[in-house]
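The structure under discussion appears below in the form of structure tokens.
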Amino acid sequence: MLNTLLITGTDTEAGKTVLTTALAAYFQKYYPHRSLGIMKPIQSGEGDRELYQSLFTLEQSPEEITPLYFKAPLAPPIAAAKENRFVDLGTVWKALLDLQKRRDFVLVEALGGLGSPVTDELTVADLAGEWRLPTLLVVPVRLGAIAQAVANVALAREKKINLQGIVLNCTQSRTEAEIADLTPPDLIRSFTYIPVLGCLPYLENPTDLDQLAQIASNLDWETLGL
């Protein structure tokens, strides 16, 4: 059984946070006897860490959720340079190992997209591959999504990422016909050879934990081995 999942996307605002919160809500609702940890390894500016603290009782300090925090909402190497600091991945790796030891299941939300820079030399894809993290790729439902999915899966294969599946996400209200036209699961699957686990609907209130748990329950958990 998987005990860690990295949530990444094709780009910024793809829907990583919605999927992460949905999975967390599902886990806490249906597996209350198992302990959950959430990590946003690197964060630039306010956002996800604060959201997780407000939604979930995690018994994690801010530093345990986000080992590296920078004030400017920019790519980490740029944000770090503005503070005369550097991106210390050793700190992140140690924090992740510690959290994995203490929790039954850990959700790790990556920054930006799979190709986003983490340091001056490494991207999210590099870390996902080198750290051997089982990974989900979030693809937003919009024109060009098929090409983005194909390109990101190619990058994942180049970096030897353990890509478990693709999750589609509606960043705006979409009909079933629009979803089928813009992100046909069978076509994406035929080009990428990666299972499409489902589609997250657009949420007016992405902080409703019952609703989040419900949409997560519609994903193909058997493919994930959960």
Side-chain angles (χ1 to χ4, degrees), residues 2 5-31 38 40 47-48 51-52 54-56 73 107-116 124-125 128 134-157 161 163-226:
L2 296 177
L5 268 178
L6 175 71
I7 313 299
T8 187
T10 55
D11 202 351
T12 303
E13 304 300 329
K16 299 184 304 297
T17 303
V18 173
L19 179 57
T20 304
T21 52
L23 292 176
Y26 175 90
F27 189 90
Q28 290 198 333
K29 181 173 182 177
Y30 294 103
Y31 298 92
I38 300 181
K40 177 81 174 184
D48 296 324
L51 176 65
Y52 296 141
S54 67
L55 286 181
F56 304 105
L107 292 169
V108 182
E109 184 190 349
L111 58 102
L114 201 57
S116 295
V124 171
T135 300
L136 294 182
L137 177 69
V138 183
V139 177
V141 178
R142 60 189 180 210
L143 190 63
I146 299 172
Q148 284 193 329
V150 171
N152 276 267
V153 170
L155 175 59
R157 287 205 170 94
I161 296 172
L163 189 56
Q164 296 283 309
I166 291 170
V167 177
L168 307 175
N169 176 56
C170 295
T171 56
Q172 63 186 75
S173 182
R174 298 286 191 184
T175 65
E176 290 187 11
E178 287 175 321
I179 295 170
D181 288 342
L182 295 170
T183 51
D186 289 343
L187 189 59
I188 292 174
R189 193 180 299 113
S190 69
F191 276 119
T192 63
Y193 300 100
I194 299 295
V196 177
L197 306 179
C199 182
L200 304 181
Y202 175 72
L203 299 177
E204 290 285 351
N205 178 15
T207 62
D208 183 329
L209 294 183
D210 286 335
Q211 186 179 30
L212 287 165
Q214 178 59 46
I215 65 171
S217 70
N218 294 327
L219 297 178
D220 184 0
W221 290 100
E222 290 186 5
T223 297
L224 281 180
L226 291 173

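Given the structure is predicted, the values throughout are model-derived calculations rather than measurements.
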Asp220 side chain to Gly198 backbone, donor-acceptor under 3.5 Å = no

State the CG-OH distance between Asn218 and Tyr26, to the nearest 0.5 angstrom.
-> 10.0 Å

Shortest non-hydrogen contact between Gln211 and Asn205, atoms and distance = OE1-O, 3.7 Å

Here the gap from Lys40 atom NZ to Leu111 atom CG, rounded to the nearest 0.5 Å, amounts to 6.0 Å

OG1-OH distance between Thr17 and Tyr52, expressed to the nearest 0.5 angstrom | 4.5 Å

With side-chain contact (heavy atoms from CB on, under 4.5 Å) as the test, would you mind laying out the steps for Val138 and Val18 before giving the verdict?
-> CA-CA 10 Å; Val138 183; Val18 173; over 6 Å; no

Say you draw a straight line from CG of Asp11 to CG of Leu114; how long is it, rounded to the nearest 0.5 Å?
-> 11.0 Å

Atom of Val150, atom of Phe191 and distance for their closest heavy-atom approach = CG2-CB, 3.7 Å

If you take all heavy atoms of Ala156 and Leu163, which pair is closest and at what distance?
-> CB-CD2, 4.1 Å

Identify the heavy atoms of Pro201 and Cys170 that sit nearest to each other, and give their distance.
-> C-CB, 4.0 Å

Taking all atoms of both residues into account, what is the closest heavy-atom pair of Thr175 and Glu178, and its distance?
-> N-OE1, 2.9 Å

Closest heavy-atom pair, Ile38 versus Ala24, reported as atoms and distance to 0.1 Å, is CD1-CB, 3.8 Å

Out of curiosity, Asn152 CG to Thr135 OG1, how far, rounded to the nearest 0.5 Å?
-> 11.5 Å

Chi angles and distances behind the side-chain contact (heavy atoms from CB on, under 4.5 Å) call for Leu137, Ile161 | CA-CA 11 Å; Leu137 177 69; Ile161 296 172; over 6 Å; no

Between CG on residue Leu212 and CD on residue Gln214, distance to nearest 0.5 Å | 10.5 Å

Might you work through the side-chain contact (heavy atoms from CB on, under 4.5 Å) test for Leu23 and Leu136, ending with a clear yes or no?
-> CA-CA 11 Å; Leu23 292 176; Leu136 294 182; 4.2 Å; yes

What do the steps show when you test Val167 against Leu200 for side-chain contact (heavy atoms from CB on, under 4.5 Å), and what is the final call?
-> CA-CA 7 Å; Val167 177; Leu200 304 181; 3.9 Å; yes

Test item: Gln148 and Arg142 side chains (from C-beta on) under 4.5 Å apart, heavy atoms | yes

